[in-house]
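What you see is a predicted model, and the numbers here were worked out from it, not measured in a lab. Here is the naming used below: chain letters follow the sequence lines, and residue numbers restart at 1 for every chain.
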Number of protein chains: 2
Amino acid sequence: MNKVMFNLKNEKIPRATITRLALYVQQLEALEQKGEKVISSEKLAQECGVNPSQIRKDLAYFGEFGVRGVGYYIYELKEAIKKSLGLDRVWNVVLVGVGNLGRALLRHNVLRKRGFVIVGAFDCDPFKIGEEVAGLEVFCSSTLPDKIQELNAEIGIITTPPERAQRAANYLIKGGIKGIVNFAPTRISAPENIVVEYVDFINHLFSTAFQISLNQSKGLYI
Amino acid sequence: MNKVMFNLKNEKIPRATITRLALYVQQLEALEQKGEKVISSEKLAQECGVNPSQIRKDLAYFGEFGVRGVGYYIYELKEAIKKSLGLDRVWNVVLVGVGNLGRALLRHNVLRKRGFVIVGAFDCDPFKIGEEVAGLEVFCSSTLPDKIQELNAEIGIITTPPERAQRAANYLIKGGIKGIVNFAPTRISAPENIVVEYVDFINHLFSTAFQISLNQSKGLYI
DNA sequence: ATGATAGTGTGAAATTTTTAACAAATACTT
DNA sequence: AAGTATTTGTTAAAAATTTCACACTATCAT
Ligand SMILES: NC(=O)c1ccc[n+]([C@@H]2O[C@H](COP(=O)([O-])OP(=O)(O)OC[C@H]3O[C@@H](n4cnc5c(N)ncnc54)[C@H](O)[C@@H]3O)[C@@H](O)[C@H]2O)c1
Ligand SMILES: NC(=O)c1ccc[n+]([C@@H]2O[C@H](COP(=O)([O-])OP(=O)(O)OC[C@H]3O[C@@H](n4cnc5c(N)ncnc54)[C@H](O)[C@@H]3O)[C@@H](O)[C@H]2O)c1
C-alpha cells in the first residue's frame, strides 16, 4: 500500500516519518513566528504530540541537525528538513477538476507558501473552460499533455469525480508528469516510475465516529 | 500521536486498520455498482493495493464475515464493516469556518452518502453570517454551544485558519461535542474524552516531492 | 577549571504491524 | 460419496516501527 522510500544512505524511510516531518515543519514555522530560536526534541514532541526519541530518530535518517546540550536551531532545522525532502525549491503543479475541492485548493495559498505553485488548472466542462479562478485561466483537460510540458509541471493534482480520475491520470501521464496526488476516492493505475499518492479524508470521519462509539460503549458521555 | 482503539474483545486496533477499512468500504461499493456479488480477499486486496492476509486480519478484529471456499458477500461485508465502525446510523456534524475548504465540504455530498450529515455551518465573519451555503444558513460561531445541543450534533469539523482553530474548538467543546476533525494545520487541546483527528494533505505533497526527488537521483526520468 | 545541568544521537529492547503458512470449511466434479 | 478446488480464519514467523536508555557533548554557574 505504501511506497518504500530511501534516504541517501539507502536506509528505508517509514512513510510515517515523512508525515511527521511535514508536521515538524509546520510546528517549527509556528514557533519561528512566535520569535523562538531554539527548541528541544522534548518540547517539539510535546507540540506535535509524539515521542521525543521519535523526533530524533526521524531526523537521524537525514543527518545530525541538533546541538547536544542545546537543542535544535529552529530556522536551521526547518530548512534542513525541507532540503532533505527536496522542498528547497519550487514545484510546479497542475490541477485537474475545477469543482468544489479544486477551487478550494486553487485559492489555498498555503500550498504556495510551501513551495508548491499551481501553474495550470484544467477541466472538461465547457462551462468552466475559459473561466478564471485564483488568477488562472481554466483550460480544457485534453490540452494537458502539451501544457504540462509548456508549464514545466512535475506534479498533478486530481480533483475530478472518481469515475473520471483514471482519464485525468492518463492525460497527466501522457504529458510526462512525475507524480500524482489523487483526491478522488478511487485507485488509479500508472507506470511504476510515476509516484501516486492518495488523499482521502473520509477515513478521519470513520475513525472519529468509531472512537466516539467506543467511548460511548464505555459510558464516557452518559 | 495516534489514538489507541479497541474492539469489543478489547483488542487494540491499529489506526492503519481503520484507514484500510474505509478503503475497503469504498471498493466494495464500487464493486456493488458493477453488479458483483461475491469477492475473495485475494481480489479485493488487488483492488485496494494491499496484502490479502491483511484484509482477513483487519476483518478478524470484528468478526467472521466470509464463507470459506467462497469469499465475502459484498453487500453483507460492506454492511458488517460499517456496523463494526458504528456507521450504521447517521452522524450529525457541524462545520466551523465557511471559507474555501468549508464550502467545498458543505457541497460535498459524499459525506452524506456515508452517513455524515452536516446540520449546521458557522463562521465569525459578519459578511458570511446569514448567507446560505448548500441549503444551510450560516450562523455566528458564538452561538455554537447552544446550536450543538439543539441540532444534536456529535462531530465538529474545523476549517478555520489555524490561529482560530483553538477558539473554534473551545466553542465546540462547550457545546458538548464528542469528536473534532480539524483541517487547520495546528494542534488543538481538548479534554481526554473528546476525540480529535487531524487532517493534513500537505504531507502527501511533501511525500510526492520527496519520492520524485529520489527517483530523479536514481536517474529514473533522465 | 570543575561540577552540574540539559539535551542530542544511537544501539538495543520492546512493541506493533505485516506477511506467511496451514488447518478447517465449503462447493464443485466425477 | 469420495476426491479436488477454493478460500477463509488463525496461529506463528518475520519485518517494521517505536521507545528506552545512556554515552557523549555543550553550556552555565561557581
Ligand atoms: N468537495 C470536497 O470537499 C471533497 C472532499 C474529499 C474528496 N473529494 C473528492 O474530490 C473530487 C472532487 O470533488 P468535488 O466536490 O470538487 O466535485 P465537483 O463535481 O464539484 O468537481 C469535479 C470537477 O471535475 C470536472 N471533471 C470531470 N471529469 C473531468 C475530466 N475527465 N477532466 C477534467 N475535469 C473533469 C468537473 O467538470 C467538475 O468541475 C471527488 O472525487 C470527491 O469525491 C471532494
Ligand atoms: N483551502 C484548502 O484547499 C485547504 C486545504 C488544506 C487545509 N486547509 C486549511 O483549512 C483551513 C481553511 O482554509 P480555507 O482556504 O478555507 O481558508 P479561508 O480563509 O477561505 O476560510 C476560513 C474561514 O474561517 C472563518 N473563521 C475565522 N475564524 C473563525 C472563528 N473563530 N470561528 C468561525 N469561523 C472563523 C473565516 O471567516 C473564513 O470564512 C485553513 O486552516 C487551511 O490551512 C485548506
Side-chain angles (χ1 to χ4, degrees), chain A residues 1-7 9-21 23-24 28 31 36-74 76-77 80-81 84 203 207, chain B residues 1-21 23-24 28 31 36-74 76-77 80-81 84 207:
Chain A
M1 188 174 185
N2 290 326
K3 287 273 162 31
V4 183
M5 294 172 257
F6 298 88
N7 67 359
K9 292 180 235 162
N10 232 30
E11 289 167 304
K12 215 177 290 167
I13 297 177
R15 170 57 217 254
T17 291
I18 306 291
T19 304
R20 282 190 300 263
L21 288 172
L23 177 60
Y24 304 158
L28 290 168
L31 288 163
E36 309 276 333
K37 296 285 178 237
V38 187
I39 193 162
S40 66
S41 57
E42 178 95 32
K43 286 266 177 56
L44 182 58
Q46 224 154 31
E47 300 280 335
C48 299
V50 304
N51 181 296
S53 316
Q54 182 93 81
I55 293 187
R56 300 202 295 274
K57 198 66 165 212
D58 285 340
L59 297 176
Y61 285 112
F62 297 99
E64 302 190 5
F65 306 122
V67 182
R68 293 180 186 204
V70 179
Y72 300 90
Y73 292 100
I74 290 173
E76 294 182 7
L77 179 56
I81 296 175
S84 301
N203 75 71
S207 177
Chain B
M1 188 174 188
N2 289 328
K3 287 271 162 36
V4 183
M5 293 172 258
F6 297 87
N7 67 359
L8 298 175
K9 290 179 233 161
N10 233 29
E11 289 167 304
K12 215 178 286 168
I13 296 176
R15 171 57 216 253
T17 292
I18 306 291
T19 304
R20 282 190 299 265
L21 288 172
L23 176 61
Y24 305 157
L28 290 169
L31 288 163
E36 309 277 332
K37 295 285 179 237
V38 187
I39 195 163
S40 66
S41 57
E42 177 95 33
K43 286 267 176 57
L44 182 59
Q46 224 154 30
E47 300 281 334
C48 298
V50 303
N51 181 296
S53 311
Q54 182 94 83
I55 293 187
R56 300 202 294 274
K57 192 72 179 224
D58 285 340
L59 297 176
Y61 285 111
F62 298 100
E64 303 191 6
F65 307 123
V67 182
R68 294 178 186 204
V70 178
Y72 300 91
Y73 291 100
I74 291 173
E76 292 182 8
L77 178 57
I81 295 175
S84 302
S207 177

Under 3.5 Å, N/O pairs linking protein and nucleotides 27-30 of chain D:
none

| query | Over how many whole Å does the gap from A:Asn51 atom CG to D:dT18 atom P extend? | reply | 10 Å
| task | Specify the glycosidic conformation (syn or anti) of D:dA5, with syn defined as within 90° of 0. | result | syn
| For A:Thr17 and B:Ser41, take the nucleotide of DNA chain D holding the closest heavy atom to each; which residue's nucleotide lies nearer the 5' end? | B:Ser41
| How long is the line joining CZ of A:Arg15 and P of D:dT18, in whole Å? | 12 Å
| request: Please determine, for the side chain of A:Arg56, which listed nucleotide (D:dT18, C:dT8, D:dA16) has the closest atom? | output: C:dT8
| request: Provide, to the nearest angstrom, the distance between the CD1 atom belonging to B:Ile18 and the C1' atom belonging to C:dT18. | output: 16 Å
| Value in whole Å for how far the C1' atom of D:dT17 lies from CZ of A:Arg20 | 8 Å
| request: Counting heavy atoms from C-beta on, name the nucleotide in C:dT10, D:dT10, D:dT18 closest to the side chain of B:Ala60. | output: D:dT10
| said: I need the CG-C1' distance between B:Leu77 and D:dT8, as an integer number of Å. | reply: 12 Å
| said: So for the helix from C:dA1-D:dT30 to C:dA25-D:dT6, with five pairs setting each end axis, what is the inter-axis angle to 10°? | reply: 10°
| task | Check whether any side-chain N or O of A:Ser207 sits under 3.5 Å from a backbone N or O of A:Asn203 as a donor-acceptor pair, and report yes or no. | result | no
| note | From CD of A:Gln54 across to C1' of C:dT16 the rounded distance in Å is 12 Å
| task | Rounded off to whole Å, could you give me the CG-to-C1' distance for the A:Asp58 and D:dT18 pair? | result | 10 Å
| request: With heavy atoms under 4.0 Å as the rule, sort A:Ser40 into base, sugar-phosphate or nothing. | output: sugar-phosphate
| field | Nearest-Å distance for atom pair CG/P, residues A:Leu21 and D:dT18 | value | 11 Å
| task | Compare side-chain N and O positions of A:Lys57 against OP1 and OP2 of D:dT19 and report whether any pair is under 4.0 Å apart. | result | no
